[in-house]
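The structure appears below as structure tokens.
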Amino acid sequence: MRELKYSQALSEGLVQAMDRDPGIFVTGIAVDYPSGIFGSTIEANQRFGPERIFDAPAMENALTGIAIGAAAMGKRPVIVHPRNDFMFLAFDQLINLAAKWKYMYAGNAGTVPIVVRAVIGKGWGQGATHSQSLHAPLAHFPGLTVMMPAFPMDAKGLTLAALQSDGPVVILEHRALYDTLGDVPEDAEPTPVGQARVVREGTDVTIVATSFMAYESVHAADELEKKGISAELIDPRTIRPLDTATILASVRKTGRLIIADTSWEMCGFASEVAALAAEQAFESLKAPVRRICFADCPAPVSQPLEAAFYPTASTIAAAAMVMLGRDGGSMDGIDREDGFKGPY
Amino acid sequence: MRELKYSQALSEGLVQAMDRDPGIFVTGIAVDYPSGIFGSTIEANQRFGPERIFDAPAMENALTGIAIGAAAMGKRPVIVHPRNDFMFLAFDQLINLAAKWKYMYAGNAGTVPIVVRAVIGKGWGQGATHSQSLHAPLAHFPGLTVMMPAFPMDAKGLTLAALQSDGPVVILEHRALYDTLGDVPEDAEPTPVGQARVVREGTDVTIVATSFMAYESVHAADELEKKGISAELIDPRTIRPLDTATILASVRKTGRLIIADTSWEMCGFASEVAALAAEQAFESLKAPVRRICFADCPAPVSQPLEAAFYPTASTIAAAAMVMLGRDGGSMDGIDREDGFKGPY
Amino acid sequence: MDLAQPATVAQHQRSTMSQPDADTRIRLYKSLLRVRNCEETLAELYREQEMRTPTHFGVGQEAVAVGVSEAMAPDDVAYSHHRCHNHYLAKGGSILGLAAELYGRLDGCSEGRGGSVHLTARDQGFIVSSAILGQTVAVAVGSALAFKMDGESRVAVTFFGEAACEEGVFYESLNYASIHALPVLFVCENNLYSTESPLDVRQPQGTDLCERTKAFKVESERIDGNDVVAVHQAAAQSLALIRDGGGPRFLECMTYRWREHVGPNFDHEVGRTYRDKAELESWMKKCPVLRAGRGLVEDGLATDTELETWDGEIKTVIAKAIADARASDWPDPKTLFDNVE
Amino acid sequence: MDLAQPATVAQHQRSTMSQPDADTRIRLYKSLLRVRNCEETLAELYREQEMRTPTHFGVGQEAVAVGVSEAMAPDDVAYSHHRCHNHYLAKGGSILGLAAELYGRLDGCSEGRGGSVHLTARDQGFIVSSAILGQTVAVAVGSALAFKMDGESRVAVTFFGEAACEEGVFYESLNYASIHALPVLFVCENNLYSTESPLDVRQPQGTDLCERTKAFKVESERIDGNDVVAVHQAAAQSLALIRDGGGPRFLECMTYRWREHVGPNFDHEVGRTYRDKAELESWMKKCPVLRAGRGLVEDGLATDTELETWDGEIKTVIAKAIADARASDWPDPKTLFDNVE
Ligand SMILES: Cc1ncc(C[n+]2csc(CCOP(=O)(O)OP(=O)(O)O)c2C)c(N)n1
Ligand SMILES: Cc1ncc(C[n+]2csc(CCOP(=O)(O)OP(=O)(O)O)c2C)c(N)n1
Ligand SMILES: [Mg+2]
Ligand SMILES: [Mg+2]
């Protein structure tokens, strides 16, 4: 299978979906720039032009309502937030209307299949308001499908799935993954919604990791293997609906659970998975679960502080070592340096 | 000690704080109406008048920014949302600015001690957009203090604590508790922030319950006692900072944990507490933890659907029976009917 | 803004536009009767406390809903806010669907999931109402965007109260609709109050909402919202211009809410003082239904007996619908999770 | 809007207002030199990629920050947006505080926690800048509310770009400030672009932002943002009227960003085509610094040699400050959790 970058995979998924469905259009700040949302909308822009890919003013809340209203008339609007932090401004339309539309009107007002693409920032001191990850709050409220592609094949597959979904979908894409490479099928195969990916099978410990942390976990698992530890790596891919069956089966097999997430611990996704195991796989657990999340403070800017703020592959690997009673010596050596220098 | 209603306790706390601190003012929709936010601002309005208690247009986002700007100049603004669901519109100012202010400027821009009072709705078919509880998303992001008074003494105590806090505070008050009675000290004693209340001591099972569910849990604990089950009931009172020590000590003692919350399970507060136990009290746990939350759908309106949507005292009691291996026969009989008929 | 003489505005309307024909005038009146009688009946029944849903009655404001709805084309769409019964009914929503929704029954237009503020009658072009201020203003603009993209000549109409103009989303929507010259008609029902708050705590002195929309290059007009003929004329003209590609337009309809903000009572009944009974009575004198009826009789288009007959006819229909609503099944708790995703 | 001749607006200014005195003119020029040289130096150093923070340079727009800041009273307060260096510096923020913040060091005004978009110089009355569009517009209104409640004669000034006028929070803030006649000056720097988007995709044809604010009963004026004297005069007059209780005012300052939206490059350097080099050059001809300098010489208030001397003096100061910034300590990871609550 040919390799593509995450950004190319996003682009291919979008183009293939737009090819089949004339109702799809894409709007939001900068979607029609030559730089095309870090490359992900360039081809769509060239192929489908200003009728279906067009810029928008800075108006996050109304634009979301506008997408809802267009979707209610049969369109499939895609709106893009260059940073998902801007989406707070749209939470009312997203959570108080889109998420509840089908339910509140008992399906009698139809559905609103909007797709909100929003980018998670990280690195180069993007700071407290440009590097958050809003999946936990979005998943807390029933009604939204929340996707977090970690690998190029799912960047494409989830884009295709979102653009075939019946209801509103938020896709949180991670900026630090845009240049990563991976196998991507040529044809338009949607990733099944609510089905986790077992990235690698293992027997000693289950690592459930989202988005960029799934990418880090692969590296951690490689290092653990060298130390004779077999980690099973699960990328949930969709936060809501969550594939609890796959996660629980793995925990029942390994008896150990580490969750690595791209956000904070408190009422976050890591806590959700930990709670799931404590409630439904309790008898199988051989050790306390372990959550690996952001340091419990806003994201700082200065490099040494950023380094202390973000967990990495070594954080995950070290936690697994400790959990398995192996010398918990620092694994810092394994971390790759963050070469991100923008564009943001 | 004399008894007060929750609404009277909120009022007394506000009035005592305003008496001491001339910098406190209260604004938001309807705060100066004769009905005074279900009674909680009536006395303050009479005592301090339009200079310090004044109405506002419907402008949730800017009003929050305005509170921040006034606080930055030394004021202690209190803004009130008659329903906390409206607060989504203010999430940007609240989470992207107020919560990060002290940190992002390293304390060099001072602090923004705003207090946001927001009411949780329940009953009489208030429906999907007027009965949510936003504490999980608010607590997920570091920087806000999130309070949920369940009993009149804390309605007063937390109001006083919030109005002495250094940073931004959100107080989620539960509409269904406004008429409940309880002992309230006369003097201005703030509730310690980050310290849970052990509502009653017990040995068989720990029940951590928030807001209205704490109220329901007292009733459940009474019924359990009749069946010879000794439940330890913990009201966290503040969601962030969370008193993990008190919760963990109780779980280590009882070995069993039930969490009852006024919101959904997914990435919610119940999951947070379950994860905490699975991570830090794992060895003491004798049984799987149990989360008791909203049904996983938006809040419906029709009475039979509402009845199926909301967990109650009987849900909690039945869960405890099952956890202790006692016949899990329905405890429905114990539930009090919901007599709420507004005003909303 | 001269609230004392809103009629003068209507005069101006009449002079500048042709009267609707007799059939239309009669259709307008019958729709007014239907909406008014329906709301009055529901409001009185609400006192029995068997409708468990916070309800904002529209009594007194019917002419806006009726005048605009009757001017709309069959495939135009309408959106509304929390005070939505008038718009739902005027657009042709069934009385059973509304009454059963208030009673929380399966025959409700939202099957007991939405309640009074979340209505839908999609087949009639009434897409939805929603309870959060300003929400459906943006949503209507989105539907207009879809129409424009598809080259359809449909128009999206959104009904909202003047307090929605305090929310930022209103201006974001206005700006966007204007930039793209979208086929949307913004219908503001200015009833002078938001809950118990008068205009002066919510708008600067001398505010003219039409002036605001004009600054966004959206043509606008303030009209007498209690004169169904004036509303119909203004709406018909606006919709025609919008359909011709003239871009969005804004109508500020001056009107007045008779009953309390939420619930069936009259404010004076329950001792509220934010507005006095005299003000209410002065507006009741301008009752849109009576006025339209008088107009028909004066212009020789109907007799008083006919008015009474029509009134009796619709009341029978309403009674039947409400009986059906009360007899309708309760939703089955087993269906709690239907339509979540 | 006649962008070809923004100077004509300034003419009108001059005729209607008295010129600032010689000392003020010189102070304005020296501040311009300080801001310009500082930004230029930082921009060139930014290319070394040792400043790890997304940075929006303000080169070309200095006259707005300087003209307004120099007209402010010592206890007035200023707020800014993402393009904030000019405002921070013009209000008296230290060069070390800015440079060290870009280098992520402890001597940074936000000690490496905020970065380029989160600056503060509270002692100088520069409260904060923030990166989310429109945020600090509302915040400034809140500070003005505090001043009014305390009967102080202070004014809050908020600097923002024209794209903030696309966000709803701007209109909510405008409405509120106007209702309460709050002492706030809204300063919009209209540089014709939001990132790479020109005005016409963000505003309806023929939009005049001043017309919008007037519809909210907020007096407004469009001025030449590259003429520091005109800006100073307009700001001084506005601030005086606001201080006298005249309520909020809005200034739309027409100006132009020389470098790319974020980062140190010129758009043509990196092949961006959303605006052409000719447009940039036409605006560089209107350079606010050169223009102010020429004015001083023409009016006999300074000689070319003096201008050069001042330029040299400030460059030395800047070089020293930047050296100090690079020598400044890194924040200790142990302090990661300071100032969270
Ligand atoms: C965002 C938001 N803020 C506040 C409310 C509470 N609220 C419900 S109706 C209402 C009054 C609205 O007044 P107006 O828009 O003039 O409509 P009217 O009730 O007068 O018909 C308010 C403030 C809400 N529903 N949504
Ligand atoms: C709410 C929000 N939406 C989008 C952005 C992304 N963004 C950052 S700067 C910018 C351009 C703003 O243009 P303008 O306000 O005119 O200021 P300028 O950059 O031209 O000085 C945008 C869209 C943001 N920071 N905040
Ligand atoms: Mg109103
Ligand atoms: Mg700009």
Side-chain angles (χ1 to χ4, degrees), chain A residues 22-23 25 27 51-52 54-77 79 89-112 114 141-145 165-169 193-194 240-241, chain C residues 77 79 97 101 106 108-115 117-123 126-147 149-150 152 154 156 158 167-177 179-180 182 184 331 335 337-341:
Chain A
F25 67 90
T27 189
E51 297 298 305
R52 294 177 64 187
F54 45 93
D55 199 6
M59 46 181 282
E60 290 74 10
N61 197 28
L63 194 67
T64 306
I66 286 165
I68 293 169
M73 296 299 107
K75 295 286 181 192
R76 278 192 178 278
I79 58 176
L89 287 160
F91 263 31
D92 178 63
Q93 291 282 357
L94 209 50
I95 298 174
N96 275 339
L97 191 59
K100 297 164 172 50
W101 183 287
K102 190 175 177 190
Y103 193 86
M104 279 197 304
Y105 308 105
N108 299 324
T111 59
V112 286
I114 67 171
F141 301 88
L144 295 176
T145 296
S165 168
D166 201 25
V169 179
V193 175
R240 179 185 275 272
Chain C
V77 298
Y79 289 93
E101 190 60 32
L106 218 44
C109 58
S110 299
E111 300 176 32
R113 273 70 175 176
V117 290
H118 296 114
L119 305 179
T120 181
R122 234 198 121 106
D123 301 346
F126 183 87
I127 308 304
V128 302
S129 63
S130 85
I132 302 291
L133 296 180
Q135 259 182 355
T136 48
V137 173
V139 175
V141 170
S143 295
L145 175 65
F147 298 155
M149 291 177 95
D150 293 346
E152 297 180 337
R154 301 164 70 184
T158 180
E167 295 282 358
V169 69
F170 174 73
Y171 300 95
E172 294 178 356
S173 304
L174 207 57
N175 189 50
Y176 192 87
I179 290 169
H180 296 284
L182 299 181
V184 56
T335 64
F337 297 105
D338 291 359
N339 296 305
V340 175
E341 256 124 23

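Because only heavy atoms are used, hydrogens play no part in the values below, and waters and symmetry mates are left out as well, while side chains stay in. In what follows, chains carry the letters A, B, and so on, assigned in the order in which the sequence lines appear, proteins first and then strands, with residues in each chain numbered from 1.
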**OP:** Decide side-chain contact (heavy atoms from CB on, under 4.5 Å) for C:V117 and C:S130; before the verdict, give the C-alpha distance in whole Å, the side-chain angles of both, and the deciding distance to 0.1 Å.
**Re:** CA-CA 6 Å; C:V117 290; C:S130 85; over 6 Å; no
[X]-[Y] side chain donor-acceptor pair, cut-off 3.5 Å:
X	Y	value
C:E111	A:N108	yes
A:R52	A:T27	no
A:N96	C:Q135	no

Original post:
Looking at C:T136, C:D123, C:V141, C:N339, which has the largest count of heavy-atom pairs under 4.5 Å with chain A?
Top reply: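 Looking at each option in turn, the highest pair count goes to C:N339.
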Original post:
Is any side-chain heavy atom of A:V169 less than 4.5 Å from a side-chain heavy atom of A:I114?
Top reply: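 No - every pair of side-chain heavy atoms lies 4.5 Å or more apart.
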Contact part of [X] toward chain A, heavy-atom cut-off under 4.5 Å: side chain, backbone, both or neither?
X	result
C:I127	both
C:Y79	side chain
C:S129	backbone
C:F126	neither
C:L182	neither
C:V77	side chain

Top contributor to chain C contacts, counting heavy-atom pairs under 4.5 Å, from [options]:
options	value
A:G110, A:G167, A:A109, A:P22	A:A109
A:T64, A:L97, A:D166, A:V112	A:L97
A:G107, A:P168, A:A99, A:P241	A:G107

Subject >> side-chain contact (heavy atoms from CB on, under 4.5 Å) between C:V169 and A:M59, intermediate numbers included >> reply: CA-CA 8 Å; C:V169 69; A:M59 46 181 282; over 6 Å; no
Original post:
At a heavy-atom separation under 4.5 Å, does A:L144 approach chain C through its side chain, its backbone, both, or neither?
Top reply: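 The backbone, not the side chain.
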**OP:** Using the six-membered ring wherever Trp is involved, compare the ring planes of A:Y105 and C:H118 and label them parallel, tilted or perpendicular (cut-offs 30° and 60°).
**Re:**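 The arrangement is perpendicular - the two ring planes meet at more than 60°.
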**OP:** Return yes if some donor-acceptor pair links the side-chain N/O of C:E167 with the main-chain N/O of C:L133 below 3.5 Å, else return no.
**Re:**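 No; zero donor-acceptor contacts below 3.5 Å.
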